[in-house]
Amino acid sequence: AVYSEIETTKLQQQIEEILGLKCVQLASQARDRTEYLKRPDLGRRLSSGSKEILTKIQNTTNADIAIVIADGLSATAINTYTFDFLKSFVEKLSAAANTVSNICLVKHGRVAIGDEIAMLIKARAVAVIIGERPGLSSADSMGIYFTYNPYLGITDEKRNCISNIRERGTSAELAAQKLFLLLQTSLKLGISGVNLKEDLLLLE
C-alpha cells in the first residue's frame with residue numbers, strides 16, 4: 001500500500017467527465033517515493049512547477065472549499081473509495097449552492113500540502129483526501145482532513161478528521177455527509193478543529 005500509486009488518469013477522467021469538475025495534477029517537493037517516506041517535510045509543500053500551475057488558475061479563486069486528493073501512505077485507498085465519496089459530496093455541495101475549486105490531485109502529498117493549495121487559490125476551507133498509514137487490519141483506509149481558513153504553518157488542532165473510510169469502516173456516503181456538515185457549520189461559525197465539536201454540527 002505504501003508504494004502504490006494513484007490511478008491519476010482514470011480518476012481525472014471520472015471527475016471531469018462524470019462529475020463535470022475541472023481537475024489539475026500537482027506534485028509535492030518530494031522527487032520520488034523513497035524521498036517522500038524519508039522526508040515528510042517535502043511532502044507538505046508544493047513543487048515550484050505546481051505553484052506556477054495554481055497561480056495561473058483564475059476561475060477557482062474564492063471558492064467555499066478546495067478539494068485536494070493526495071496519495072499519502074495508501075494510494076490503494078484513494079483508488080478504491082475516492083470517486084464514490086466525491087460523487088456524494090459534490091451532489092450535496094451543488095444542492096446547497098456551495099462553490100468548489102478545481103480538484104487537485106497531488107503526487108507524494110501529505111495533509112499540510114492542502115494549506116498551501118487553498119492559500120494559492122484563495123479557498124475559504126480545504127478538505128484533503130488522503131490514504132492513511134496501513135495498520136494491522138487494513139491497508140486501504142482513507143482519511144479526510146478538513147481545515148477552515150488554512151495557512152502555511154497551521155497546526156493540527158485546527159483540523160477535523162474523518163478517518164477509516166473503507167468497506168468495513170466509515171462508508172463513503174457517511175463520510176460525505178459528515179464533511180458536508182463540517183463545512184456548513186464551519187462557514188457559519190468561522191472555526192474548525194478542536195473548537196468545532198460534533199454537537200455543533202446539529203445546529204441549523
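Throughout, numbering of the chain's residues begins at 1 and tracks the sequence.
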Closest approach of Gly114 to Val68 (non-hydrogen atoms, all atoms of both residues):
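Residues Gly114 and Val68, closest heavy atoms: CA-CG2, 4.1 Å.
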Could you report the tightest heavy-atom contact between Ala175 and Ile165, atom names first, then the distance?
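Nearest heavy atoms, Ala175 then Ile165: CB-CD1, 3.6 Å.
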Is [X] salt-bridged to [Y], going by a charged N under 4.0 Å from an acidic O?
X      : Y      : result
Arg33  : Asp71  : yes
Arg31  : Glu35  : yes
Glu116 : Arg45  : yes
Lys87  : Glu173 : no

Backbone N/O of [Y] and side chain of [X]: donor-acceptor pair under 3.5 Å:
X      : Y      : value
Tyr36  : Gly109 : yes
Arg44  : Gly153 : no
Ser163 : Gly143 : no
Glu132 : Ser74  : no
Ser50  : Leu46  : no
Ser88  : Ala176 : no
Thr185 : Leu182 : no
Thr155 : Glu157 : no
Asn160 : Gly193 : yes
Asn102 : Val24  : no

How many angstroms lie between OG1 in Thr82 and CD1 in Ile15, if you round to the nearest 0.5 Å?
8.0 Å
Centroid-centroid distance, Phe85 to Phe89, less than 6.0 Å
yes
Find out whether the Lys NZ or Arg CZ of Arg159 is both under 6.0 angstrom from the six-membered ring centre of Tyr148 and within 45° of the ring's axis.
no
Near Glu16 CD, under 6.0 Å, is it more than 12 heavy atoms from other residues, nucleotides or ligands?
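Counting neighbours around CD of Glu16, more than 12 heavy atoms of other residues, nucleotides or ligands fall under 6.0 Å, so yes.
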Does a donor on one side chain and an acceptor on the other come within less than 3.5 Å for Asn98 and Gln184?
yes
Side-chain contact test, heavy atoms from C-beta onward, threshold under 4.5 Å: evaluate it for Ile69 versus Leu86 and give yes or no.
yes
